[in-house]
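Below is one structure, written out as structure tokens; the observations come after it.
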Number of protein chains: 2
Amino acid sequence: MATIQDVARLANVSVSSVSNVLNGRTERLNPATFERVREAIRTLGFRPSQVARQLKTGQTPMLGLLVPSTANPMYGQLTLKIEAEAQRQTGYRVLLGNTNRDREQESRMFDDLLSFGVHGVIVVSSLTGEQHFEVATRQGLAMVSYDGGADPDAPARIDHVAPDNFQAGYLAASHLLELGHRRIAFVMPAGRTVSRASKIAGFQAAVKEAGLGDAVVIECSPAAHYGDAELAELGQALAGQLAQTSTRPTGLVAVNDMMAIGLMSGLHQAGLSVPADVSVIGMDDISMCLYTNPALTSVAMPFGEMAQAMVRRVMLRLAQPDEAPIRLCFPSGLVVRQSTAKPPAANRLAGAGAPKRG
Amino acid sequence: MATIQDVARLANVSVSSVSNVLNGRTERLNPATFERVREAIRTLGFRPSQVARQLKTGQTPMLGLLVPSTANPMYGQLTLKIEAEAQRQTGYRVLLGNTNRDREQESRMFDDLLSFGVHGVIVVSSLTGEQHFEVATRQGLAMVSYDGGADPDAPARIDHVAPDNFQAGYLAASHLLELGHRRIAFVMPAGRTVSRASKIAGFQAAVKEAGLGDAVVIECSPAAHYGDAELAELGQALAGQLAQTSTRPTGLVAVNDMMAIGLMSGLHQAGLSVPADVSVIGMDDISMCLYTNPALTSVAMPFGEMAQAMVRRVMLRLAQPDEAPIRLCFPSGLVVRQSTAKPPAANRLAGAGAPKRG
DNA sequence: GTGAAAGCGCTAACAA
DNA sequence: TTGTTAGCGCTTTCAC
């Protein structure tokens, strides 16, 4: 690889002139010199070393991105959008780390980012209140979290970007209630995060509004790996159990689409039909929703806009580290497909025990 | 961030002693000095700058990874495995780029890798015979390709890792033939790559062995973006057309699982049943196969082993750039689930026109 | 408008 | 066994 020295020699100028050309300080250059340098750069195929540049300036056009697992289509999709957005907005590249939502892995990634001189990072994690986040920000990492808990008292200065989870829970429950369901449940893996709590709150609010009191939150076993379609597996197993109970819900709101897909699969295996026997609704609206059988009704989150906001925000924080942290919340929207319908007739009668509306 | 100078000062030694400690050259150190330095490092929370180190040595513990799109679950899964394997084997981090299988994006990523001083790269691309690959390797990139065409005459020195595509095509076709299907087709997006050609060759070989001559290869419209579940969309559209033809195949081999999932979705929407009316088999065996309805029969590729091989190979090539390029081929295996069954009775009779076996 | 030179934080050859 | 120092490729002051 050619160096700035080689270019200077070939163009018969000093390295500082070459540097000025590289950094677009045209006002300081004689147009003729400028052209000569550009010509030399071209003939040598010279590309400035980001490494040397970074050592000098402390800046590098690179962003850290931590996701639980790219094998999960939802994070794979988000990863794509964030990477594209970083390129589009600023030409930054992305250093990727899968964390499995594991504290230790997150922590090691933070350390590595710091030693690579990367100062901006976007994190998908529910652990943002924990100490390793505070340590990392104190050491100079500018962090933006996706769907993390925004504890106002947390010491770490982190920006938060999230979908409106309360609204998502509310929309999902309302949809089922409007279809006539009276026995509905919210399904998720064990463990309450801030975002899950919001979804549940929205779900319960809709249930209350409908004058029902018996909405259930079902927690599966905890998700251990996130390395795969594990949520689907949990949902599948749970659906098998639900199928055997006579008073099972007629409508299920899943914490996300992967779990919903697992639920549908388990219900089918148990000989039940979706939506004839049980309605299922997911959240995130990943592309796979279009191709399940039946196509999955879901609550869509504006990933493109959120990716854009996260990149913009981390850039801003890189430029102005002392900016006060903010929380951005994006509206979600119901997308009705074929996995939700009226409850089976028997249940419409059996629902008489519940208070009537209006 | 503390520097090596700070550590030297605190420990009352020279920077070279600190450097020796950092690089594990314990034999040159007085144990007491060693301890003193380690202590200083700990109290300062010192972490050596990879940037400075890299400027000096030309090495960096980072790998490039180019995939068409992490939004495609297959590549999301592969990305996860490669990243994990890079961490496990050597502690390397991964610089990710989504390319959309676009020449221009690949090329720009190569340039950026070079200017970041990253010399090892794993590429998922069908364009490995093209010029930008040759340019990149000549400029010092050590490349390993996944499922790329291994043209022995290609000038670029690239290692290739791939599943046995011929075998995959053969296994898929054989499975349908053994079930009694006589009218089967291979389905893929327009455009023949080396790996698709191998799958087709395996598919045709099985058809010939069965004494049939009329196996069809169906090319959908070309895939334009890869940014999403586009293959599924193509499959869905195609299935809608197929459903209307009376002489449609009774068994479909899809080039990969996403396309198979799209085909199933389209068939269902057209009122056909899988596998009662049409059998569908995919390739890759992504986790989603377990959760489709019906669960998708597929040909599994050993992604874990292939990821391991790719990382090992790129490390080797980093150490010995002049090593001769090799091609590693990994066996695939049939995984039977519920999307394949005997053809409908009418077709079993209609198949009489085909030559009989034995 | 252009050039000389210091220095970013490390490694490694060489000196002591 | 430990220290001194040049230099990796660039940016940026400051002098001309």
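Remember, predicted model here, so these are calculated numbers, not experimental data.
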I want to confirm an ordering. Mapping A:Thr57 and B:Arg36 to their closest nucleotides on DNA chain D, which one lands closer to the 5' end?
B:Arg36
Can you tell me if the side-chain N/O atoms of B:Asn23 get under 4.0 Å from OP1 or OP2 in C:dT11?
yes
Scanning both residues in full, the closest heavy-atom pair of B:Gly117 with B:Thr60 reads O-CG2, 3.3 Å
Using a strict cut-off of less than 4.0 Å between a Lys/Arg side-chain nitrogen and an Asp/Glu carboxylate oxygen, indicate whether A:Arg47 and B:Asp112 qualify as a salt bridge.
yes
Given D:dG3, D:dT11, D:dG9, which nucleotide is nearest the side-chain atoms of A:Ala52?
D:dG9
Please pick, from D:dG3, D:dC10, C:dG9, the nucleotide with the shortest atom-to-atom distance to any side-chain atom of A:Thr3.
D:dC10
To the nearest 0.5 Å, atom CD of B:Gln89 lies from atom CG of B:Leu63 at 10.0 Å
Check this one for me: any side-chain N or O of B:Ser17 less than 4.0 Å away from OP1 or OP2 of D:dG3?
yes
What nucleic acid atoms does B:Gln59 come within less than 4.0 Å of, heavy atoms only: base, sugar-phosphate, or nothing?
nothing
Record whether the side chain of A:Ser16 comes under 3.5 Å of the base of C:dA4 through a donor-acceptor pair of N or O atoms.
yes
Determine: side-chain N/O of B:Thr33 to OP1/OP2 of D:dT2, distance under 4.0 Å, yes or no.
yes
Nearest to the side chain of A:Arg53, which nucleotide is it out of D:dC10, C:dT11, C:dA4?
D:dC10
Measuring to OP1 and OP2 of D:dC10, would you say a side-chain N or O of A:Ser49 lies under 4.0 angstrom away?
no
D:dC10 phosphate, OP1 or OP2: any side-chain N/O from A:Ser19 under 4.0 angstrom?
no
Length of the line joining B:Leu55:CG and D:dC10:C1', which is rounded to integer Å
8 Å
How many whole angstroms separate atom NE2 of B:His119 from atom C1' of D:dC8?
12 Å
Which whole-number value in Å describes the distance from A:Asn20 CG to C:dG3 C1'?
11 Å
Proximity to the side chain of B:Lys56 - top-ranked nucleotide from D:dT11, D:dT2, D:dG7:
D:dG7
Is A:Arg327 paired with A:Asp159 through a side-chain N to carboxylate O contact shorter than 4.0 Å?
no
Rounded distance in Å - CG (B:Leu22) to P (C:dA12):
11 Å
Compare side-chain N and O positions of B:Arg25 against OP1 and OP2 of C:dT11 and report whether any pair is under 4.0 Å apart.
no
Using atom CD of A:Gln5 as one end and atom C1' of D:dT11 as the other, report the distance to the nearest whole Å.
12 Å
What contact category does B:Val51 fall into here, base, sugar-phosphate, or nothing, at under 4.0 angstrom with non-hydrogen atoms?
nothing
Residues B:Asp111 and B:Arg108 bridged, charged N to O under 4.0 Å
no
For D:dT1, does either OP1 or OP2 sit under 4.0 Å from a side-chain N or O belonging to B:Arg28?
no
Charged N to carboxylate O below 4.0 Å: is that the case for A:Glu85 and A:Arg88?
yes
Could you state the CD-C1' distance from A:Gln54 to D:dC8, rounded to the nearest angstrom?
14 Å
Have a look at B:Phe34 and say if it touches a base, only the backbone sugar-phosphate, or nothing, with a 4.0 Å heavy-atom cut-off.
nothing
Value in whole Å for how far the P atom of D:dG3 lies from CD1 of B:Ile4:
12 Å
Please give, in whole Å, the distance from C:dC8 P to B:Met1 CE?
16 Å
